[in-house]
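Structure record follows, encoded as structure tokens.
One-based numbering, in listed order, for ligands and for the atoms of each.
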Amino acid sequence: MSQQIPVKDISPDPVKVYEPQYIDLYAKREKIHARAISGFFQNIRVTTLYLTMAVFFLLPWLNWDGRQAILFDLPERHFYIFWWTFLPRDFFFLSWILIIAAFALFAATVFAGRVWCGYACPQTVWTKVFMWIEELAEGNRNARMRLDKAPMSLRKFIRRSIKHAGWAAVAFATGIAFIGYFTPVRELWFNVVNGNLGFWVGFWLLFFTIATYLNAGWMREQVCLHMCPYGRFQSVMFDKDTLIISYDYHRGDPRGSRKRGTTSIENGLGDCIDCNMCVQVCPTGIDIRDGLQFECIQCAACIDACDSVMDQMGYERGLVRYTTENLLEKTGTGTYKLFRPRLIGYSAALLLMVGALLFTLITRVPLTVEALRDRGQLFNENNAGWIENSYTLKIQNKSQNEVEFFITASSSEFPLSLQNSPIRLSMAAGELATLPITIEADPANIPSHNNKIEIHVTRQDDSRIQATTHNTFLAPR
Ligand code: SF4
Ligand code: SF4
């Protein structure tokens, strides 16, 4: 069922009387044929596209210390990032990194709006690659629109097939690269070539291939408009000094076509020649002259398009440009205010969190130890009359090498000894070992029923790497 709601016309012209416009809330999606454009901001976007793609596709192939540098080994529950090994119990690092990423996004949004969406979001980057393939296979905007309207023919079939084959190839390569972060990538390629994938690897490869193909090929701006939560809440993070892409209505209106080489004043018009180029290049199909809209992903294509039009007309560039609401209202007389409380707050919180994370990572000891008391028996008296307490140690070697550790015990309250001391333990990289130990003490020296003790595990070749666990030593009252 379709429902219509009136839309307020936000054009700034106070004299003109506007009729309310209506939109159909359940309207069928109109396919957008964005015109390709080049220019200063598109060059930046292409550079970030190459960078993000290079990082994404090449990172799994990087080796570190004889193994894949970045590998999230889910079956083994070991997550390798260069020299660090993380285990499931280290998952608070992941939450920490996600919180930092959220704050980085907040700070970037307050500063420059949806700069992430326009330049680095995978959805934008992959969509741009898919649009290139489309243009290669089906031609420019006009040719694509003609092809869309034309009945099916051999030529149309071939062009469409080339496009979809190109999309599928990129989507498949993306799927392999993504799975390569979770399973050794060289093995994965070997298995792909030999058609020897296991069920789950095959399932996820197919899943990510289809997801990429649909998101970047078919859904495109629909993902930004209807699926991405950031697009919906980003506007509440804007303030009047946030850099946004805007049309300068003071300078552009009233709009109208005119002869090339004539000035706006001669024509009694503003600088906008109403050529619609800014609309034709927009990947989300909006008109930037209608003001700030949530559909705008700030790709800056409209800036490059309008600048090229201004160049052809011999007018000053920047009719559509990065500016702020305050600057626009003050028609060029205001100054850009960079230091605002919200931006300072987000940046300070971000710096603090990044600093604390780096400090924790740099000072992190690649070893954990935990001692569990023997629950069956509180204590035991041996033949010599000494009191014994038994524990089970759980030691994890979080380093990426085979290492030997030695185990000691101590107490600040009384002298004790560890049976079979010194205990040595050789552990493989990432190994979790369980080791029963017994601590004994002369009852004459034990001060109370419940005494504090410490158990230390120290790396044989580097005594600075040591982990200590605290526990209790029980004795008769
Ligand atoms: S309005 Fe301009 S910046 Fe926004 S999405 Fe469209 S082309 Fe990109
Ligand atoms: S590209 Fe520039 S001149 Fe052309 S319609 Fe858009 S704002 Fe006006």
Validation row, ring centre F79 to ring centre F91 under 6.0 Å
yes
With a cut-off of 2.8 Å, does C302 place any N/O/S atom under that distance from atom 2 (Fe) of ligand 1?
yes
Number the atoms of ligand 1 from 1 as they appear, then name those within less than 4.0 Å of a heavy atom of I297, with their elements.
4 (Fe), 5 (S)
Of L358, L357, L351, the residue whose pairing with V354 passes side chain to side chain contact (heavy atoms under 4.5 Å, CB included)
L358
Nearest to atom 6 (Fe) of ligand 1, what protein heavy atom do you find, and at what distance?
C282 SG, 2.3 Å
Using 2.8 Å as the threshold, say whether any N, O or S atom from C272 sits that close to atom 8 (Fe) of ligand 2.
yes
I'd like to know if the side chain of Q298 reaches the main chain of W116, judged simply by a donor and an acceptor atom lying under 3.5 Å from each other, with no hydrogens or angles considered.
no
Decide if the gap between the ring center of Y213 and the ring center of F130 is smaller than 6.0 angstrom.
no
Counting heavy atoms under 4.0 Å, the part of I303 that contacts ligand 1 is neither
Using a heavy-atom cut-off of under 4.0 Å, does the side chain or the backbone of A300 touch ligand 1, or both, or neither?
backbone
Could you check whether any heavy atom of I245 sits closer than 4.0 Å to an atom of ligand 1, since that is the contact criterion I want to use?
yes
Looking at every heavy atom in both R317 and R251, which two are closest together, and how far apart are they?
O-NH1, 3.3 Å
